2 protein chains.
Amino acid sequence: MCVSICHSTIPVVEDEDLGALLARIMRRLMDAEHPLLRAHGLSMWAYATLTSLAEQPATSQLALAKAIGYDKTRLIALLDELEHDGLIVRERDPADRRAQTVRLTPEGEARHAAAKADIRKMEIELLADLPPDEQGALRAMLTKLAHPE
Amino acid sequence: MCVSICHSTIPVVEDEDLGALLARIMRRLMDAEHPLLRAHGLSMWAYATLTSLAEQPATSQLALAKAIGYDKTRLIALLDELEHDGLIVRERDPADRRAQTVRLTPEGEARHAAAKADIRKMEIELLADLPPDEQGALRAMLTKLAHPE
DNA sequence: TATTGTTATACTCTATAACTATA
DNA sequence: TATAGTTATAGAGTATAACAATA
């Protein structure tokens, strides 16, 4: 869209779609985050998995897949790797022998904590474009939108 | 992470990573947006393309690819479709006959406007989880983060 | 019969390199 | 030589269905 002012035609930038804004920010964030995770030998989904398990062990792989919004069939190969690397442990649930519980090993906890520390530092730099009081407000708003009742 | 309070152990939910929050919101947004776009016969990238062209015609396909953050090789098939559907026009630049300019047709403008109207309505519903004064603040903050100087 | 974990398969998306025509 | 557009191909990511073990 353009508008004529003082005999010249200049482009007017309208409000962007929410999706466009978030996509831009996500790309910035991912571009900064990928090398950090790579340095810790983790993929994005591996980190998401460790994060979920750090907060709460999984009662089954299916529950874990749902918790992080990942496909249960793809989770298998991912857990295979994490188990092979000694970051997680899978154990049959005695109560329901179909299910496997998943939890972090001490190495898994340490790896997650180390990666998270680096990511938090990066986030602080990224948010430095905003005044300090807005940073907390933003986090609160995003949390509300991410977890609708 | 857990903490013991009054002889019981309850999980403590720490602040989520910014990436996790944004990913959740993005998924919500995309889940709502996909059916709307499909109703208008547009893919996500097709909509992004129309949005960019609605604001400003492209001096070349390469410039368009960069503007929307899409791969120039994949853009070609997308533009082929949009052109076939009569939504855009490609024209050789007389000044540089290697380049092709890209602009919307009237049909393209109409299709974009119709899709955008639906998407804006959806965004308003999604943001209704926030008090009105926070909605504007959020948009301002996201715009700042999406366009760093 | 339904569910968990698993495997296999097909499909889409994405990244890379190479080719042409213009500059 | 460098750039815009294009094509082809290989790789990663994703979705679907089917199977064995257990409930």
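In what follows, chains carry the letters A, B, and so on, assigned in the order in which the sequence lines appear, proteins first and then strands, with residues in each chain numbered from 1. Because the structure is predicted, anything quoted here is derived from the model rather than measured.
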Please collect all side-chain hydrogen bond (donor to acceptor under 3.5 Å, both in side chains) contacts where either partner lies in residues 59-69 of chain A, sequence neighbours excluded, each pair once.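 Output for this query lists A/Q61-A/R90, A/Q61-A/Q100.
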Residues two or more places apart in sequence or in another chain: which of them pass salt bridge (Lys or Arg N to Asp or Glu O under 4.0 Å) with B/R97?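 Not a single residue meets the salt bridge (Lys or Arg N to Asp or Glu O under 4.0 Å) criterion with B/R97.
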Who passes salt bridge (Lys or Arg N to Asp or Glu O under 4.0 Å) against A/R92, sequence neighbours left out?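 Expected list: none.
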For residues 47-68 of chain B, which residue pairs pass the ring pair (Phe, Tyr, Trp, His ring centres under 6.0 Å) check, not counting sequence neighbours?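 Those involving residues 47-68 of chain B are B/Y47-B/H112.
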May I have the distance from [X] (atom [atom1]) to [N] (atom [atom2]), rounded to whole angstrom?
X	N	atom1	atom2	answer
B/I68	C/dT14	CD1	P	12 Å
B/Q61	D/dT7	CD	P	10 Å
B/H34	C/dC13	NE2	C1'	12 Å
A/L62	D/dT22	CG	P	18 Å
A/L78	C/dG5	CG	P	14 Å
A/E91	C/dG5	CD	C1'	16 Å
A/E83	C/dT6	CD	P	9 Å
B/I76	C/dT16	CD1	C1'	14 Å

So which atom in A/E107 and which in A/G86 form the shortest heavy-atom distance, rounded to 0.1 Å?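 Nearest heavy atoms, A/E107 then A/G86: CB-O, 3.7 Å.
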Using nucleotides 19-23 of chain C, report all nitrogen or oxygen pairs with the protein that are shorter than 3.5 Å.
from, atom 1, to, atom 2, distance (Å)
C/dA23, OP1, B/R97, N, 3.1

If the cut-off is 4.0 Å, is B/R90 near the phosphate of D/dT6, judged by side-chain N/O to OP1 or OP2?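 So the side chain of B/R90 is within the cut-off, an N or O lying under 4.0 Å from OP1 or OP2 of D/dT6.
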Side-chain atoms of residues 138-149 of chain B: list all donor-acceptor pairs with protein atoms under 3.5 Å, sequence neighbours left out, distances to 0.1 Å.
from, atom 1, to, atom 2, distance (Å)
B/R139, NH1, A/E16, O, 2.8
B/R139, NH2, B/E123, OE1, 3.0
B/T143, OG1, B/R139, O, 2.7
B/H147, NE2, A/E16, OE2, 2.4

Qualifying residues under side chain to side chain donor-acceptor pair (under 3.5 Å), relative to [X], sequence neighbours excluded:
X	result
A/R98	A/D96
A/Q135	none
B/D71	B/T73

Polar atom pairs between nucleotides 12-19 of chain D and protein, under 3.5 Å, N or O only, would you list them?
from, atom 1, to, atom 2, distance (Å)
D/dT14, OP2, A/R74, NH1, 2.9
D/dT14, O5', A/R74, NH1, 3.2
D/dA15, OP2, A/R74, NH2, 2.8
D/dT16, O4, A/T73, OG1, 3.4

Going by atom type alone, with no hydrogens or angles, which donor-acceptor pairs under 3.5 Å involve a side-chain atom of residues 30-43 of chain B and a protein atom two or more places apart or on another chain?
from, atom 1, to, atom 2, distance (Å)
B/H34, ND1, B/M30, O, 3.3
B/H40, NE2, B/D118, OD2, 2.8
B/S43, OG, B/A46, N, 3.1

Same cluster or not: B/L50 versus B/I76, using hydrophobic residues (I, L, V, M, F, W, Y) connected whenever any side-chain heavy atoms lie under 4.5 Å apart?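 As far as the 4.5 Å side-chain criterion goes, B/I76 and B/L50 are not connected within one cluster.
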Of residues 21-28 of chain A, the positions that come close to DNA chain C - non-hydrogen atoms, cut-off under 4.0 Å: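 Listed by number, there are none.
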